[in-house]
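Okay, so here's the structure we're looking at.
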Amino acid sequence: MTGQLAYWNGPGAAKVFTHPVHSAWAARFGRQARILDYGCGYGRVMVELTEQGFSDVRGADPSAALIARGRRMRPDLRFEVLQSPPALPYAAASFDVVLLFAVLTCVPDEEDQRALVAELGRVLAPGGLLHVSDLLLQDDDRNRDRYAAPARRSGAPYGVFVTDDGAVCRHHGIADLHALLADMDVVDERRIDVGTMNGHRSRAVQMLCRKR
(Lines give C-alpha, C1' and ligand atoms only; values in the text may rest on other atoms or scores of the structure.)
Protein backbone atom coordinates (compact mmCIF):
# COMPACT_ATOMS: atom_id res chain seq x y z
CA MET A 1 0.00 0.00 0.00
CA THR A 2 3.01 2.30 0.21
CA GLY A 3 3.88 1.70 -3.46
CA GLN A 4 2.27 4.96 -4.61
CA LEU A 5 3.54 7.13 -1.79
CA ALA A 6 5.78 9.10 -4.17
CA TYR A 7 2.69 10.14 -6.12
CA TRP A 8 0.76 11.29 -3.04
CA ASN A 9 3.78 13.17 -1.72
CA GLY A 10 4.24 14.72 -5.18
CA PRO A 11 1.46 15.53 -7.69
CA GLY A 12 -1.24 14.07 -5.45
CA ALA A 13 -0.43 16.43 -2.59
CA ALA A 14 -1.91 19.37 -4.53
CA LYS A 15 -5.21 17.71 -5.51
CA VAL A 16 -8.64 18.90 -4.41
CA PHE A 17 -11.04 16.24 -3.12
CA THR A 18 -14.81 16.53 -3.31
CA HIS A 19 -16.71 13.54 -1.89
CA PRO A 20 -19.38 14.98 0.45
CA VAL A 21 -20.31 13.84 3.92
CA HIS A 22 -23.98 12.84 3.78
CA SER A 23 -25.52 15.11 6.39
CA ALA A 24 -28.42 12.76 7.15
CA TRP A 25 -25.94 10.04 8.05
CA ALA A 26 -23.73 12.38 10.05
CA ALA A 27 -26.78 13.27 12.14
CA ARG A 28 -26.75 9.66 13.39
CA PHE A 29 -23.22 9.88 14.76
CA GLY A 30 -23.78 12.01 17.86
CA ARG A 31 -21.67 15.13 18.39
CA GLN A 32 -19.45 13.33 20.95
CA ALA A 33 -18.72 10.36 18.67
CA ARG A 34 -15.07 9.36 18.32
CA ILE A 35 -14.44 9.82 14.58
CA LEU A 36 -11.49 8.74 12.44
CA ASP A 37 -11.05 9.94 8.86
CA TYR A 38 -8.80 7.26 7.31
CA GLY A 39 -6.99 8.59 4.24
CA CYS A 40 -7.87 12.09 5.38
CA GLY A 41 -5.58 13.88 2.92
CA TYR A 42 -5.42 17.54 3.88
CA GLY A 43 -8.38 17.25 6.26
CA ARG A 44 -11.22 18.65 4.16
CA VAL A 45 -13.80 16.29 5.70
CA MET A 46 -12.37 16.81 9.17
CA VAL A 47 -12.94 20.55 8.80
CA GLU A 48 -16.51 19.96 7.64
CA LEU A 49 -17.31 17.74 10.61
CA THR A 50 -15.65 20.08 13.11
CA GLU A 51 -17.66 23.00 11.76
CA GLN A 52 -20.82 20.90 12.24
CA GLY A 53 -19.99 20.58 15.93
CA PHE A 54 -18.28 17.20 16.14
CA SER A 55 -15.69 17.49 18.89
CA ASP A 56 -13.56 14.32 18.61
CA VAL A 57 -12.27 14.03 15.05
CA ARG A 58 -8.90 12.59 14.02
CA GLY A 59 -7.33 12.07 10.61
CA ALA A 60 -4.70 9.60 9.38
CA ASP A 61 -2.98 9.37 6.01
CA PRO A 62 0.23 7.81 4.63
CA SER A 63 1.18 11.01 2.76
CA ALA A 64 3.38 13.29 4.86
CA ALA A 65 2.90 16.02 2.24
CA LEU A 66 -0.89 15.94 2.46
CA ILE A 67 -0.75 15.89 6.26
CA ALA A 68 1.63 18.88 6.22
CA ARG A 69 -0.81 20.74 3.97
CA GLY A 70 -3.62 19.97 6.41
CA ARG A 71 -1.60 21.12 9.41
CA ARG A 72 -0.76 24.40 7.68
CA MET A 73 -4.42 25.00 6.91
CA ARG A 74 -5.81 23.88 10.28
CA PRO A 75 -3.15 23.51 12.98
CA ASP A 76 -5.92 22.94 15.54
CA LEU A 77 -6.91 19.58 14.02
CA ARG A 78 -5.39 16.21 14.96
CA PHE A 79 -3.50 14.54 12.13
CA GLU A 80 -1.44 11.34 12.07
CA VAL A 81 1.04 10.24 9.38
CA LEU A 82 0.72 6.48 8.90
CA GLN A 83 4.12 4.82 8.88
CA SER A 84 3.01 1.30 7.87
CA PRO A 85 -0.45 1.47 6.32
CA PRO A 86 -2.99 0.12 6.83
CA ALA A 87 -1.80 -0.31 10.45
CA LEU A 88 -3.21 2.33 12.78
CA PRO A 89 -1.57 3.44 16.06
CA TYR A 90 -4.81 3.05 18.02
CA ALA A 91 -6.18 0.37 20.32
CA ALA A 92 -9.04 -1.89 19.32
CA ALA A 93 -12.51 -0.30 19.52
CA SER A 94 -11.06 3.24 19.69
CA PHE A 95 -13.65 4.82 17.36
CA ASP A 96 -17.41 5.01 16.96
CA VAL A 97 -17.22 6.16 13.33
CA VAL A 98 -14.64 5.68 10.58
CA LEU A 99 -14.76 7.60 7.30
CA LEU A 100 -13.26 6.04 4.16
CA PHE A 101 -13.62 8.65 1.43
CA ALA A 102 -12.14 7.94 -2.03
CA VAL A 103 -9.56 5.64 -0.45
CA LEU A 104 -10.40 2.27 -1.97
CA THR A 105 -9.91 3.82 -5.41
CA CYS A 106 -6.31 4.47 -4.36
CA VAL A 107 -5.77 0.86 -3.21
CA PRO A 108 -6.18 -1.23 -6.38
CA ASP A 109 -4.92 -4.53 -4.96
CA GLU A 110 -7.64 -6.76 -3.48
CA GLU A 111 -5.46 -8.21 -0.73
CA ASP A 112 -4.48 -4.71 0.37
CA GLN A 113 -8.14 -3.69 0.40
CA ARG A 114 -9.06 -6.64 2.62
CA ALA A 115 -6.22 -5.78 5.01
CA LEU A 116 -7.42 -2.19 5.18
CA VAL A 117 -11.03 -3.12 5.91
CA ALA A 118 -9.88 -5.58 8.60
CA GLU A 119 -7.83 -2.88 10.29
CA LEU A 120 -10.73 -0.45 10.23
CA GLY A 121 -12.93 -3.16 11.73
CA ARG A 122 -10.36 -3.61 14.50
CA VAL A 123 -10.44 0.03 15.58
CA LEU A 124 -14.23 0.35 15.29
CA ALA A 125 -16.21 -0.26 18.46
CA PRO A 126 -18.97 -2.90 18.28
CA GLY A 127 -21.94 -1.27 16.59
CA GLY A 128 -19.67 1.42 15.15
CA LEU A 129 -20.31 2.94 11.73
CA LEU A 130 -18.15 2.92 8.59
CA HIS A 131 -19.07 5.68 6.11
CA VAL A 132 -17.64 4.75 2.69
CA SER A 133 -17.64 7.00 -0.37
CA ASP A 134 -15.97 5.73 -3.53
CA LEU A 135 -16.05 5.58 -7.30
CA LEU A 136 -18.01 3.05 -9.30
CA LEU A 137 -17.16 1.56 -12.67
CA GLN A 138 -17.94 4.09 -15.38
CA ASP A 139 -19.49 3.13 -18.72
CA ASP A 140 -18.14 5.85 -21.03
CA ASP A 141 -15.64 5.12 -23.81
CA ARG A 142 -12.73 6.93 -22.11
CA ASN A 143 -12.98 4.83 -18.97
CA ARG A 144 -13.66 1.55 -20.73
CA ASP A 145 -10.51 2.06 -22.80
CA ARG A 146 -8.33 2.78 -19.80
CA TYR A 147 -9.75 -0.13 -17.80
CA ALA A 148 -8.98 -2.52 -20.67
CA ALA A 149 -5.28 -1.69 -21.03
CA PRO A 150 -4.06 -2.84 -17.56
CA ALA A 151 -6.32 -5.88 -17.69
CA ARG A 152 -4.75 -6.96 -20.98
CA ARG A 153 -1.22 -6.06 -20.00
CA SER A 154 -0.95 -7.45 -16.48
CA GLY A 155 -4.19 -9.21 -15.64
CA ALA A 156 -5.19 -6.42 -13.25
CA PRO A 157 -8.81 -6.46 -12.08
CA TYR A 158 -11.15 -4.71 -14.49
CA GLY A 159 -11.49 -1.12 -13.34
CA VAL A 160 -7.79 -0.53 -12.58
CA PHE A 161 -6.22 2.29 -14.60
CA VAL A 162 -3.38 4.81 -14.57
CA THR A 163 -4.14 8.53 -14.59
CA ASP A 164 -2.31 10.89 -16.93
CA ASP A 165 -0.14 12.12 -14.07
CA GLY A 166 0.80 8.66 -12.82
CA ALA A 167 -1.61 7.52 -10.11
CA VAL A 168 -2.75 3.89 -10.20
CA CYS A 169 -6.45 3.88 -9.33
CA ARG A 170 -9.43 1.56 -9.37
CA HIS A 171 -13.13 1.97 -9.97
CA HIS A 172 -15.36 -0.72 -8.47
CA GLY A 173 -18.40 -2.72 -9.35
CA ILE A 174 -21.00 -2.46 -6.61
CA ALA A 175 -20.95 -6.23 -6.09
CA ASP A 176 -17.19 -6.05 -5.40
CA LEU A 177 -17.73 -3.41 -2.73
CA HIS A 178 -20.50 -5.42 -1.11
CA ALA A 179 -18.23 -8.48 -1.05
CA LEU A 180 -15.37 -6.46 0.47
CA LEU A 181 -17.65 -5.21 3.25
CA ALA A 182 -19.53 -8.48 3.74
CA ASP A 183 -18.54 -8.75 7.43
CA MET A 184 -20.50 -5.57 8.17
CA ASP A 185 -24.20 -4.78 7.87
CA VAL A 186 -25.10 -2.21 5.21
CA VAL A 187 -27.40 0.26 6.94
CA ASP A 188 -27.94 2.56 3.97
CA GLU A 189 -26.62 3.15 0.48
CA ARG A 190 -26.96 5.91 -2.10
CA ARG A 191 -25.58 6.84 -5.52
CA ILE A 192 -24.06 10.25 -6.14
CA ASP A 193 -22.18 12.15 -8.84
CA VAL A 194 -18.81 13.64 -7.84
CA GLY A 195 -15.93 15.57 -9.31
CA THR A 196 -12.69 13.61 -9.50
CA MET A 197 -9.29 14.91 -8.42
CA ASN A 198 -8.47 15.49 -12.11
CA GLY A 199 -11.59 17.45 -12.94
CA HIS A 200 -13.91 14.83 -14.45
CA ARG A 201 -17.41 13.86 -13.32
CA SER A 202 -17.95 10.29 -12.16
CA ARG A 203 -20.63 8.09 -10.65
CA ALA A 204 -19.97 7.12 -7.06
CA VAL A 205 -21.58 5.25 -4.22
CA GLN A 206 -21.84 6.01 -0.52
CA MET A 207 -22.41 3.20 1.94
CA LEU A 208 -23.10 3.35 5.65
CA CYS A 209 -22.10 0.07 7.32
CA ARG A 210 -22.38 -1.07 10.91
CA LYS A 211 -19.86 -3.33 12.66
CA ARG A 212 -21.55 -6.44 14.02
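Positions are given from 1 along the sequence.
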Is there a donor-acceptor contact under 3.5 Å from the side chain of D134 to the main chain of T105?
yes
Do D193 and R201 meet the salt-bridge criterion of a basic N to acidic O distance under 4.0 Å?
yes
Considering all heavy atoms, the nearest P108-V168 contact:
CG-CG1, 3.8 Å
Non-hydrogen side-chain atoms of V57 and V45 separated by less than 4.5 Å
no
Identify the two heavy atoms, one from A204 and one from V194, that lie closest to each other, and give their separation to 0.1 Å.
CB-CG2, 4.0 Å
I'd like to know whether CG of D164 has more than 12 heavy-atom contacts from other residues, nucleotides or ligands below 6.0 angstrom.
no
d(L181 CG, E189 CD) to nearest 0.5 Å is 10.0 Å
Looking only at heavy atoms, what is the nearest atom pair of Q32 and S55, with distance?
OE1-OG, 3.3 Å
Just by modelled atom types, is the G121 backbone N or O under 3.5 Å from a matching donor or acceptor in the K211 side chain?
yes
Please answer whether the main-chain N or O of R203 pairs with a side-chain N or O of Q138 as donor and acceptor at a distance below 3.5 Å.
yes
Any carboxylate oxygen within less than 4.0 angstrom of a Lys/Arg side-chain nitrogen, looking at D165 and K15?
yes
Are the side chain of R44 and the backbone of H19 linked by a donor-acceptor contact shorter than 3.5 Å?
yes
Under a 3.5 Å threshold, yes or no: a donor from one side chain and an acceptor from the other, between N198 and T196?
no
Would you say the side chain of W8 lies within less than 4.5 Å of the side chain of C106, judging by non-hydrogen atoms?
yes
Got a second to check how far R210's CZ is from D185's CG, nearest 0.5 Å?
8.5 Å
Which one of V186, L100, L130, D188 satisfies the side-chain contact (heavy atoms from CB on, under 4.5 Å) criterion with M207?
V186
Going by an N to O cut-off under 4.0 Å, is there a salt bridge joining D96 and R34?
yes
Distance (rounded to the nearest 0.5 Å) between R212 CZ and L124 CG
13.5 Å
When you group the ILVMFWY residues by side-chain heavy-atom contacts below 4.5 Å and let the links chain together, are V132 and L208 in the same group?
no
For the pair R69 (side chain) and G43 (backbone), establish whether a donor and an acceptor sit closer than 3.5 Å, ignoring hydrogens and angles.
no
If we only count heavy atoms from C-beta on, is the L88 to L120 side-chain gap below 4.5 Å?
yes
Please check if F54 and L129 belong to a single hydrophobic cluster, counting links between Ile, Leu, Val, Met, Phe, Trp and Tyr side chain heavy atoms closer than 4.5 Å.
yes
Cluster check V103, I174: I/L/V/M/F/W/Y, side chain < 4.5 angstrom:
yes
Between the main-chain N or O of M46 and the side-chain N or O of T50, is there a donor-acceptor pair closer than 3.5 Å?
yes
Could you pull out the closest heavy-atom pair between V81 and P62, with the gap in Å?
CG1-O, 4.0 Å
Below 4.5 Å, heavy atoms only, C-beta onward: do V47 and E51 meet side chain to side chain?
yes
Nearest 0.5 Å please: distance from the CG atom of L137 over to the OG atom of S202.
11.0 Å
Does any part of the side chain of R58, heavy atoms only, come nearer than 4.5 Å to the side chain of E80, both counted from C-beta?
no
Is it the case that the side chain of T18 and the backbone of G195 share a donor-acceptor pair, with hydrogens and angles ignored and the cut-off at 3.5 Å?
yes
May I ask you to say whether R122 pairs ionically with E119, meaning some side-chain N is under 4.0 Å from a carboxylate O?
yes
For the rings on F17 and Y42, is their centre-to-centre separation under 6.0 Å?
yes
May I ask whether M73 and M197 are part of the same hydrophobic cluster, defined by side-chain heavy atoms of I, L, V, M, F, W, Y residues being less than 4.5 angstrom apart, directly or through others?
yes
Inter-residue atom distance Y147.OH - H171.NE2, 0.5 Å rounding:
4.5 Å
I67 side chain reached by C40 side chain, heavy atoms, under 4.5 Å:
yes
Without swapping roles, check the side chain of Q206 against the backbone of P20 for a donor-acceptor pair under 3.5 Å.
yes
Test: E110 and R170 ion pair at under 4.0 Å
yes
In the structure I gave you, are the side-chain heavy atoms of I192 and S133 within less than 4.5 Å of one another anywhere?
yes
Working note: S63 + D61, criterion side chain to side chain donor-acceptor pair (under 3.5 Å); need CA distance, chi angles, decisive distance, verdict.
CA-CA 6 Å; S63 169; D61 198 286; 4.6 Å; no
How long is the span from the CG atom in L99 to the CD atom in E48, to the nearest 0.5 Å?
9.5 Å
Heavy-atom nearest pair, R74 first then F79, reads O-CE1, 3.8 Å
What's the shortest heavy-atom distance between P150 and V160, and which atoms?
CG-O, 3.3 Å
Side-chain heavy-atom pair Q52, F29 within 4.5 angstrom cut-off
no
